[in-house]
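One structure below.
Count residues from 1 along the sequence.
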Amino acid sequence: MSIVNFFRKPRWQSKDAATRREAVARDTAPELVAQLARFAREDEDAQVRLAALRRLADPALAQRMASDDADADVRKQARALWLDLLVGTHASAPSPAERLRLLRAQDDAELVERIATQAAEPELRRAALERVTKPSLLFARASED
């Protein structure tokens, strides 16, 4: 290791948001990976927070950021990620059993309807349909399933 590298800060500690965002999205340093949730919740730059959230793909964090983040675009993209994770279309989606557990804890009508129409697993769609109250959606699912 050169003396220059010894004194150089890791990219994820940079004051430059673009450098931090790139590091959060790609670097594999264990110290960084351990702090991704903190970056998602606390970084001053919205794009750094979003990069950390995307990398973690954690449903609870996505749900929280979808409602609590200061930036409207981050809230919108966090909600989209949260929906994709619970429907199961995201590559890092939890297991069907975990998604069923998460579904039972939700009171978001849009989320329940999306799971009822888009989840790949019939048992997940069925559990969501039991909570749907929109007659047109119930009729559509009955005719398509």
Side-chain angles (χ1 to χ4, degrees), residues 5 7-145:
N5 286 338
F7 289 107
R8 184 179 295 159
K9 281 183 167 182
R11 293 180 338 131
W12 51 275
Q13 291 179 347
S14 173
K15 290 182 181 190
D16 178 59
T19 301
R20 238 178 14 262
R21 181 177 55 245
E22 182 67 25
V24 164
R26 292 183 174 70
D27 288 2
T28 59
E31 301 86 8
L32 166 64
V33 173
Q35 294 188 48
L36 283 174
R38 183 185 63 78
F39 275 102
R41 289 187 312 267
E42 300 173 8
D43 197 272
E44 63 190 34
D45 184 78
Q47 294 305 310
V48 172
R49 292 193 307 275
L50 197 51
L53 175 64
R54 286 181 179 142
R55 184 161 176 192
L56 284 171
D58 177 81
L61 184 59
Q63 180 182 14
R64 189 173 329 121
M65 289 179 70
S67 61
D68 296 343
D69 196 86
D71 185 88
D73 188 52
V74 171
R75 287 192 308 272
K76 179 182 176 184
Q77 292 189 46
R79 179 161 178 84
L81 174 62
W82 178 48
L83 292 171
D84 287 344
L85 287 165
L86 291 186
V87 168
T89 56
H90 191 279
S92 297
S95 70
E98 178 65 8
R99 293 191 344 259
L100 183 58
R101 186 191 70 75
L102 291 168
L103 168 65
R104 290 182 178 134
Q106 301 306 315
D107 59 358
D108 182 321
E110 179 190 354
L111 171 69
V112 172
E113 290 172 7
R114 186 161 170 190
I115 291 171
T117 58
Q118 295 180 5
E121 301 82 9
E123 62 275 6
L124 201 57
R125 287 196 314 272
R126 187 176 314 111
L129 278 172
E130 291 172 359
R131 299 181 51 199
V132 169
T133 58
K134 191 184 293 183
S136 60
L137 179 60
L138 291 170
F139 178 76
R141 295 314 320 150
S143 64
E144 292 176 28
D145 276 350

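- With respect to Lys76 and Asp69, no salt bridge is recorded, no charged nitrogen being found less than 4.0 Å from a carboxylate O.
- A salt bridge does not link Glu123 to Arg126: none of the charged nitrogens lies less than 4.0 Å from a carboxylate oxygen.
- Note that the CZ atom of Arg41 and the CD atom of Gln35 stand 10.5 Å from one another [nearest 0.5 Å].
- Rounding to the nearest 0.5 Å places CG of Leu36 at 9.5 Å from CH2 of Trp12.
- Within a 6.0 Å sphere centred on CG of Asp107, heavy atoms belonging to other residues, nucleotides or ligands number 12 at most.
- When all heavy atoms are compared, the tightest approach of Leu61 to Asp58 is N-OD2, 2.7 Å.
- Listed here is the closest heavy atom pair of Ala25 and Arg55: O-CD, 3.7 Å.
- Side-chain contact between Arg20 and Glu44 is present, with at least one heavy-atom pair separated by less than 4.5 Å.
- Contact of the Leu103 side chain with the Leu86 side chain is not registered, since no non-hydrogen atoms from C-beta on lie closer than 4.5 Å.
- When every heavy atom of Ile115 is checked against every heavy atom of Ala128, the shortest pair comes out as CG2-CB, 3.7 Å.
- Under the side chain to side chain contact (heavy atoms under 4.5 Å, CB included) criterion, Ser67 pairs with no residue, sequence neighbours left out.
- Going from atom OG1 of Thr89 over to atom CZ of Arg114 covers 6.0 Å, rounded to the nearest 0.5 Å.
- We find the CG-NZ distance between Leu129 and Lys134 to be 12.5 Å, quoted to the nearest 0.5 Å.
- To the nearest 0.5 angstrom, Leu50 atom CG is 11.5 Å from Asp43 atom CG.
- Ion pairing between a basic and an acidic side chain is recognised when a charged N comes within 4.0 Å of a carboxylate O; Asp27 and Arg11 show such pairing.
- Using a 4.5 Å cut-off on side-chain heavy atoms (C-beta onward), Arg101 and Arg104 make no contact.
- Remark: side-chain polar atoms of Arg125 are paired, donor with acceptor, to backbone N or O of Ala120 under 3.5 angstrom.
- Taking all atoms of both residues into account, the shortest heavy-atom contact from Ala51 to Val24 is C-CG1, 3.9 Å.
- Residues Asp108 and Gln63 have side chains not in contact (no heavy-atom distance under 4.5 Å, counting atoms from C-beta outward).
- The structure places CZ of Arg21 at 11.0 Å from OG of Ser14, a figure rounded to the nearest 0.5 Å.
- Within the 4.5 Å cutoff, the side chain of Leu83 has heavy atoms near those of the Glu110 side chain.
- Considering every non-hydrogen atom in both Arg79 and Leu111, the closest pair reads NH2-N, 4.3 Å.
- Remark: the backbone N or O of Pro94 is paired with a side-chain donor or acceptor of Arg99 at under 3.5 angstrom.
- The two residues Trp82 and Pro59 have their closest heavy-atom pair at CD1-O, 3.5 Å.
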